[in-house]
Amino acid sequence: MTEEAAINCRKAAQLLSLASDRQLSTEELQALEFHLQRCGACRNFQAQLRFLDRAAKRFASR
Ligand SMILES: [Zn+2]
C-alpha cells in the first residue's frame, strides 16, 4: 500500500456508508481496511453503522 492510496476519514466514512448500498471494489475495501487499522474514530463509526444496519434489518423483517 503506497502513501497515495491512503484515504482520509472523510473518504473512509463515504466508503463505509457506500458499503451498505453496494459491494465495494477490492481497491476500495483494501483502502478502507488500511485506514480502519490506523483510525479508531472510523472503527467506531463502522461499529455504529453495523448496529444501525442490524436494527434496520430487524425492523424490515417485521
Ligand atoms: Zn479515520
Side-chain angles (χ1 to χ4, degrees):
M1 184 70 70
T2 63
E3 200 63 38
E4 284 152 44
I7 55 172
N8 57 26
C9 291
R10 198 184 147 84
K11 182 72 181 166
Q14 266 174 14
L15 288 177
L16 282 171
S17 20
L18 247 182
S20 60
D21 291 335
R22 66 160 172 89
Q23 199 77 14
L24 296 181
S25 72
T26 309
E27 289 83 20
E28 286 171 335
L29 266 181
Q30 278 175 354
L32 185 58
E33 272 167 24
F34 182 79
H35 183 84
L36 289 176
Q37 278 168 17
R38 284 155 187 77
C39 183
C42 287
R43 280 200 301 275
N44 279 341
F45 182 58
Q46 182 187 39
Q48 278 172 28
L49 280 180
R50 282 188 174 157
F51 176 78
L52 287 176
D53 194 47
R54 274 203 301 273
K57 283 193 176 110
R58 207 176 302 147
F59 183 72
S61 69
R62 252 180 226 169

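Indexing begins at 1, ligand by ligand and atom by atom, following the structure's order. In what follows, every heavy atom counts, from backbone to side chain, and hydrogens, waters and symmetry copies are set aside.
- Annotation: side chain to side chain contact (heavy atoms under 4.5 Å, CB included) contacts of C9 (sequence neighbours excluded): H35, C39, C42.
- Atom CD1 of I7 and atom CD of E27 lie 12.5 Å apart (nearest 0.5 Å).
- Separating the CG atom in L29 from the CG atom in L24 is a distance of 5.0 Å, to the nearest 0.5 Å.
- The distance cut-off of 2.8 Å around the Zn ion (ligand 1) captures these protein N, O or S atoms, sorted by chain and number: C9 SG, H35 NE2, C39 SG, C42 SG.
- Residue pairs satisfying the salt bridge (charged side-chain N to carboxylate O under 4.0 Å, His left out) criterion with at least one member in residues 40-54, sequence neighbours excluded, are listed as follows: D53-K57.
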Using atom types as modelled, flag every donor-acceptor pair under 3.5 Å from a side chain in residues 16-23 to any protein atom, sequence neighbours excluded.
from: S17; atom 1: OG; to: A13; atom 2: O; distance (Å): 2.8
from: S17; atom 1: OG; to: Q14; atom 2: O; distance (Å): 3.4
from: S20; atom 1: OG; to: S17; atom 2: O; distance (Å): 2.8
from: R22; atom 1: NH1; to: E28; atom 2: OE1; distance (Å): 3.2
from: R22; atom 1: NH2; to: E28; atom 2: OE2; distance (Å): 3.1

